[in-house]
Trainee: 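Have a look at this one.
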Amino acid sequence: MIAPARTDSFRVTIIHPCVGRRAGMKRYIRTWQMEPIPAAMVAALVPDDVEKRFYDDRLEPIPYDEPTDLVAISVETYTARRAYQIASEYRRRGVPVVMGGFHATLCPEEVSRYCESLVTGEAEQTLPEVIDDYRHGRPKKTYCAGDRPALICTPDRSIFRGKRYLGIRLVEFARGCRFKCDFCAITSFFNATQTHRPIDRVLEELQRVRRRHQMVFFIDDNIVSDLQAAKELMRALIPLKLRWVSQASINVAYDEEALELMRRSGCQGVLVGFESLNSESLAAMNKGFNLMGGGPANALANFRRFGIRIYGTFIFGYDADTSETINTTVRFAQDEGLFIAAFNHITPFPGTPLEKRLRAQGRLRFDAWWLDDEYRYNMVPFHPAKMSPQALEDHCVKARRQFYAWRSIISRGGHRVNRNTAFMLFNFLAINAMHQWDIEGRNGLPLGDESFRGHLLEAG
Ligand code: SF4
């Protein structure tokens with residue numbers, strides 16, 4: 001039974017779920033402990049006369065018995081199972097739960113089974129209405145955002161006080177991406193569009209929240225999806241003398257003006273989704289543009305000329321991929337001196353063309369891998385064409401171990417771009433050591449909390 005509505009001092013509890021936890025696990029994956037900006041955006045949308053609390057499931061226990069009138073959880077595919085466990089705890093106590101986020105939009109029927117209200121699309125448009133409806137006892141089952149909202153909301157970071165996050169400041173400029181990579185849940189969610197926050201708001205926020213020498217991470221899905229908008233931001237950043245990092249598509253490597261602006265505005269490095277060195281795989285993922293300008297080696301040389309370090313991400317499991325594809329890629333990442341790199345199997349996120357194709361071909365090993373009792377983090381949830389799921393999983397783990405072995409770290413640290421300032425050399429060593437440490441911790445991590453008892457409570 002759900003508690004009756006109250007309009008006096010209404011209380012909202014915001015929860016950021018973890019991916020999963022082994023029974024008795026003492027230390028959560030450290031590289032995954034960044035400030036959860038979506039939770040701070042939700043907090044900013046809570047009206048001033050509503051009491052708000054925030055618990056980060058990665059860092060602290062959730063006090064389920066603390067009185068509250070509504071629980072808000074943003075759900076991603078990897079955190080869905082844990083989100084449903086948390087929701088079940090609250091709903092058993094009669095507290096209504098509202099869920100939103102990527103997974104809620106891409107899998108609305110599933111998510112709506114585990115909450116009282118579902119929010120699809122971007123929360124800016126709907127969350128104030130949800131809270132108002134709950135306060136006045138007239139909640140609806142579904143709230144759908146229509147067009148993309150103007151990004152005028154600034155995250156409420158007061159909810160992070162006293163929590164031990166990684167020492168990097170997260171700020172948003174742009175949301176979404178114009179490209180249509182077939183595995184990408186982001187572009188499916190935003191329908192290949194991008195919106196931007198007004199630059200003066202970004203500057204105001206930066207000046208207020210940055211600390212001396214602190215790195216700023218623009219969490220944009222692709223900061224250069226709209227190159228003109230990105231250049232405008234970078235020009236405005238120059239006087240701030242920031243050090244920043246972000247995520248960028250490879251096309252920026254061939255725009256000298258953009259590279260110069262990146263350097264002058266304090267860009268220290270970007271994550272680039274190289275994905276594959278194999279042209280057939282790139283074509284299959286609709287990312288043939290990664291071969292523009294002669295290919296990734298040329299792009300990397302251009303980035304290096306401007307002192308920009310690279311976090312390269314690679315994915316494997318497209319039909320053309322073999323074990324040799326993976327070995328060649330690791331050698332490339334090492335030889336090119338990438339600052340850090342990720343080697344992952346492709347993941348069929350719901351709602352993406354990749355997932356639809358594998359499902360139509362009967363190649364998915366689980367109906368919904370993110371909910372399956374047997375599924376563990378890093379397990380390959382589909383049948384690759386040229387190797388077994390286990391072989392692909394093993395190759396990915398081996399690739400990470402090779403890339404983060406001390407021999408490789410020292411060799412990559414010798415590349416001028418990674419050691420040209422004491423600050424970045426220190427960061428290089430610290431970040432690589434942290435990634436090395438986390439390889440085994442992530443491997444085989446259950447989705448959801450292993451010590452959760454009972455069953456997931458579904459809406460009646
Ligand atoms: S470039 Fe990156 S963010 Fe954009 S669609 Fe491709 S994978 Fe997604």
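As the structure lists them, so they are numbered: ligands from 1, and atoms in each ligand from 1.
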Trainee: Taking the six-membered ring of Y404, is NZ or CZ of R412 closer than 6.0 Å to its centre and within 45° of its axis?
Mentor: yes
Trainee: Is the closest side-chain donor-acceptor distance between D394 and Q390 under 3.5 Å?
Mentor: yes
Trainee: Tell me yes or no: between the side chains of Y84 and E110, is some donor less than 3.5 Å from an acceptor?
Mentor: yes
Trainee: Side chain, backbone, both or neither: which applies to K287 and ligand 1 if a contact is any heavy-atom pair less than 4.0 Å apart?
Mentor: side chain
Trainee: Could you walk me through whether N278 and S276 pass the side-chain hydrogen bond (donor to acceptor under 3.5 Å, both in side chains) check?
Mentor: CA-CA 5 Å; N278 183 324; S276 180; 5.3 Å; no
Trainee: Could you check atom 5 (S) of ligand 1 against the protein and tell me its nearest heavy-atom contact, residue, atom and distance included?
Mentor: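 Residue, atom and distance for the closest contact: F179 O, 3.4 Å.
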Trainee: Examine all N, O or S atoms of C184, backbone included, and report whether one is under 2.8 Å from atom 4 (Fe) of ligand 1.
Mentor: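 Short answer: no, not a single N, O or S atom is under the cut-off.
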Trainee: Who's the nearest protein heavy-atom neighbour of atom 1 (S) of ligand 1, and how far?
Mentor: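 So the nearest neighbour among protein heavy atoms is C177 SG, 3.7 Å.
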Trainee: Does some side-chain heavy atom of E232 sit less than 4.5 Å from a side-chain heavy atom of I199?
Mentor: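 Sidechains of E232 and I199: in contact.
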Trainee: Please could you name the atoms of ligand 1 that F183 approaches to less than 4.0 Å, counting only its heavy atoms?
Mentor: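 That gives atoms 7 (S) of ligand 1.
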Trainee: Answer yes or no as to whether an N/O/S atom of C181 is found below 2.8 Å from atom 6 (Fe) of ligand 1.
Mentor: yes
Trainee: Is I186 touching ligand 1 with its side chain, its backbone, both, or neither, if touching means heavy atoms under 4.0 Å apart?
Mentor: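 No part of I186 is near ligand 1 at this cut-off.
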Trainee: Taking atom types as modelled and ignoring hydrogens, do the side chains of D182 and Y318 form a donor-acceptor contact shorter than 3.5 angstrom?
Mentor: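 Yes, a side-chain donor-acceptor pair sits under 3.5 Å.
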